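Here's the structure we're looking at; comments come further down.
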Number of protein chains: 2
Amino acid sequence: MTTQASLTIGRIAQSAGVAIDTIRFYEREGLLPAPRRRPSGYREYDQATVSRLRFIRRAKDLGFTLDEIRELLALSADRHVGVEGVRERAAARLLAIDERIAELQRVRDGLSELVDACPGHGAPEDCPILKALAEPNT
Amino acid sequence: MTTQASLTIGRIAQSAGVAIDTIRFYEREGLLPAPRRRPSGYREYDQATVSRLRFIRRAKDLGFTLDEIRELLALSADRHVGVEGVRERAAARLLAIDERIAELQRVRDGLSELVDACPGHGAPEDCPILKALAEPNT
DNA sequence: CTAGACCCTTGATCTAGGTCTAGAGTCAAG
DNA sequence: CTTGACTCTAGACCTAGATCAAGGGTCTAG
């Protein structure tokens with residue numbers, strides 16, 4: 001198989017593209033297992049940890065929280081119901097993103113109307129943006 | 001003009017739909033001017049403060065940060081360049097929202113592909129979601 | 001007058017996801 | 001053997017936007 005050269009925390013931080021402190025933080029948070037230690041106390045990692053860190057980073061980019069990622073990691077190790085669970089979580093995340101996009105779209109449209117209606121000069125009382133923000137309704 | 005009945009902090013909190021603590025917080029943060037006080041130390045507000053609180057809430061709903069809102073409030077009081085500034089800030093916010101939507105859309109599409117490609121059962125090694133997350137590239 | 005609702009201040013706490021500091025020990029190259 | 005880079009721990013600190021607690025004073029209806 002692949003060589004099991006032991007890597008220091010600095011090395012895996014470098015190759016996974018995360019900060020050293022972040023790795024120790026993930027360990028505390030249960031996203032990474034406690035690694036072997038040298039007699040000096042130095043942590044020793046292998047290549048698999050780099051993959052795991054990349055997994056975490058990518059999932060984070062997809063908008064998963066660390067809690068959700070912890071769950072995904074547990075599921076991904078489960079040969080039985082793991083895949084179903086992962087797909088479910090991903091689908092849920094997808095739905096949440098769709099909702100967030102729709103919400104932003106509403107905000108965008110509202111703001112866009114105001115910007116279009118504002119001449120950009122004149123008295124504050126005539127600015128539709130200021131008027132809309134000061135309106136008592138809602 | 002309108003009656004200048006003096007309102008307690010609880011009353012304006014109620015009618016603006018924010019918490020009492022939030023009002024004091026906004027005062028500390030410079031979003032609200034320090035109000036008059038009764039001899040007892042109680043804050044006394046007028047109707048204009050309710051409008052200002054609503055302004056803040058609406059701007060927040062549009063995604064402005066409190067820093068930006070502080071700026072908007074300052075601009076809205078400026079008869080000279082105020083309206084131009086407000087329109088600029090609103091346009092900038094609109095652009096930021098557009099970027100955020102585009103970014104979410106990219107994430108959404110990527111995730112959607114993975115979910116569609118995943119059968120939802122079988123071995124973890126065959127799950128495209130897990131495979132994509134573990135991939136070393138990027 | 002009293003009970004209960006309301007208000008005051010200062011300062012701590014919360015979420016999420018880290019980031020930084022201090023002080024001490026370890027490792028590898030020259 | 002020394003020097004400089006690296007690592008260790010415990011715990012404080014950061015952003016943003018509040019929210020809460022403790023301990024005490026005030027207001028008002030009955």
Side-chain angles (χ1 to χ4, degrees), chain A residues 5-46 49-50 52-73 93 96-97 100 107, chain B residues 5-46 49-50 52-73 93 96 100:
Chain A
S6 96
L7 302 163
T8 61
I9 195 170
R11 284 188 168 291
I12 62 159
Q14 180 91 64
S15 47
V18 301
I20 289 178
D21 279 344
T22 303
I23 294 174
R24 290 195 279 243
F25 170 71
Y26 285 167
E27 182 183 328
R28 283 199 296 284
E29 293 295 305
L31 292 160
L32 292 176
R36 275 172 291 133
R37 299 289 187 125
R38 291 192 201 171
S40 63
Y42 278 30
R43 291 171 176 79
E44 278 191 320
Y45 297 97
D46 53 27
T49 305
V50 176
R52 203 174 170 98
L53 281 171
R54 290 213 182 98
F55 183 106
I56 294 170
R57 224 192 46 200
R58 283 158 171 281
K60 229 158 45 70
D61 288 347
L62 291 176
F64 287 95
T65 64
L66 295 190
D67 276 355
E68 288 166 336
I69 294 170
R70 205 187 341 260
E71 211 181 18
L72 285 177
L73 285 166
R93 183 90 270 278
I97 293 174
R100 181 68 182 133
V107 168
Chain B
S6 95
L7 302 162
T8 61
I9 195 169
R11 283 185 167 293
I12 61 158
Q14 179 92 65
S15 47
V18 301
I20 289 178
D21 280 344
T22 302
I23 294 173
R24 289 195 280 243
F25 170 71
Y26 286 168
E27 182 182 329
R28 282 199 297 284
E29 293 296 305
L31 291 160
L32 292 176
R36 276 171 292 133
R37 300 287 187 128
R38 293 192 200 171
S40 64
Y42 279 30
R43 289 170 177 80
E44 280 192 318
Y45 297 97
D46 53 28
T49 306
V50 176
R52 202 174 170 98
L53 281 171
R54 291 211 182 98
F55 182 106
I56 294 170
R57 224 192 46 202
R58 285 158 168 281
K60 229 159 46 69
D61 289 346
L62 292 176
F64 287 95
T65 64
L66 294 191
D67 276 355
E68 289 167 336
I69 294 170
R70 203 187 344 260
E71 210 182 18
L72 285 176
L73 284 165
R93 184 88 270 280
R100 181 68 183 134

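Given the structure is predicted, the values throughout are model-derived calculations rather than measurements. Here is the naming used below: chain letters follow the sequence lines, and residue numbers restart at 1 for every chain. Quick note: numbers below take in every heavy atom, side chains included, and nothing from hydrogens, waters or symmetry partners.
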What are the atom names and distances for every N/O pair under 3.5 Å that joins the protein to nucleotides 9-16 of chain C?
unit_1, atom_1, unit_2, atom_2, d
C:dT9, OP1, B:Arg37, NH1, 3.2
C:dT9, OP1, B:Arg37, NH2, 3.0
C:dT9, OP2, B:Arg43, NH1, 3.0
C:dT9, OP2, B:Arg43, NH2, 2.9

Could I get the full list of salt bridge (charged side-chain N to carboxylate O under 4.0 Å, His left out) partners for A:Asp21, not counting sequence neighbours?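 Result, salt bridge (charged side-chain N to carboxylate O under 4.0 Å, His left out) vs A:Asp21: A:Arg24.
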Quick one: side chain to side chain donor-acceptor pair (under 3.5 Å) partners of [X], sequence neighbours excluded?
| X | result |
| --- | --- |
| A:Glu44 | A:Ser6, A:Arg36 |
| B:Asp67 | B:Arg70 |
| A:Arg11 | none |
| A:Arg100 | A:Glu103 |

What does D:dG30 pair with, Watson-Crick or G-U, if both distances are under 3.5 Å? C:dC1
Which atom pairs, donor and acceptor, lie under 3.5 Å between side-chain atoms of residues 26-35 of chain A and protein residues at least two apart or in another chain?
unit_1, atom_1, unit_2, atom_2, d
A:Glu27, OE1, A:Arg43, NE, 2.8

Side-chain (A:Arg54) to main-chain (A:Ser15) donor-acceptor, under 3.5 angstrom: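 Judged by distance alone, yes, a pair lies under 3.5 Å.
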Spacing between A:Phe25 atom CZ and C:dG17 atom P, to the nearest angstrom: 7 Å
Without decimals, in angstroms, what is the distance between B:Glu44 CD and C:dC8 C1'?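 It works out to 14 Å between those atoms.
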Heavy-atom contacts, protein to nucleotides 25-30 of chain C, under 4.0 Å, summarised as B (base), S (sugar-phosphate only) or - (none) per nt, yield BBS---
Reported [atom1]-to-[atom2] distance for the pair [X] and [Y], which is rounded to 0.5 angstrom:
| X | Y | atom1 | atom2 | value |
| --- | --- | --- | --- | --- |
| B:Thr49 | B:Ile12 | OG1 | CD1 | 5.5 Å |
| A:Arg52 | A:Ile23 | CZ | CD1 | 13.0 Å |
| A:Ile56 | A:Leu72 | CD1 | CG | 10.5 Å |

Check [X] against [Y] and note the closest heavy-atom contact, atom names and distance.
| X | Y | value |
| --- | --- | --- |
| B:Ile69 | B:Lys60 | CD1-N, 3.7 Å |
| B:Ala13 | B:Ala19 | CB-C, 4.2 Å |
| A:Ile20 | A:Gly10 | CD1-CA, 3.9 Å |

Positional range of nucleotides in DNA chain D within the contact set of chain B, heavy-atom, under 4.0 Å: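 Under 4.0 Å from chain B, the extent on DNA chain D is D:dG17 to D:dC27.
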Could you list by number each residue of residues 10-23 of chain A showing a heavy-atom separation from DNA chain C of less than 4.0 Å, or answer none if no residue does?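 The stretch gives A:Ala19, A:Asp21, A:Thr22 as the residues lying under 4.0 Å from the strand, ordered by number.
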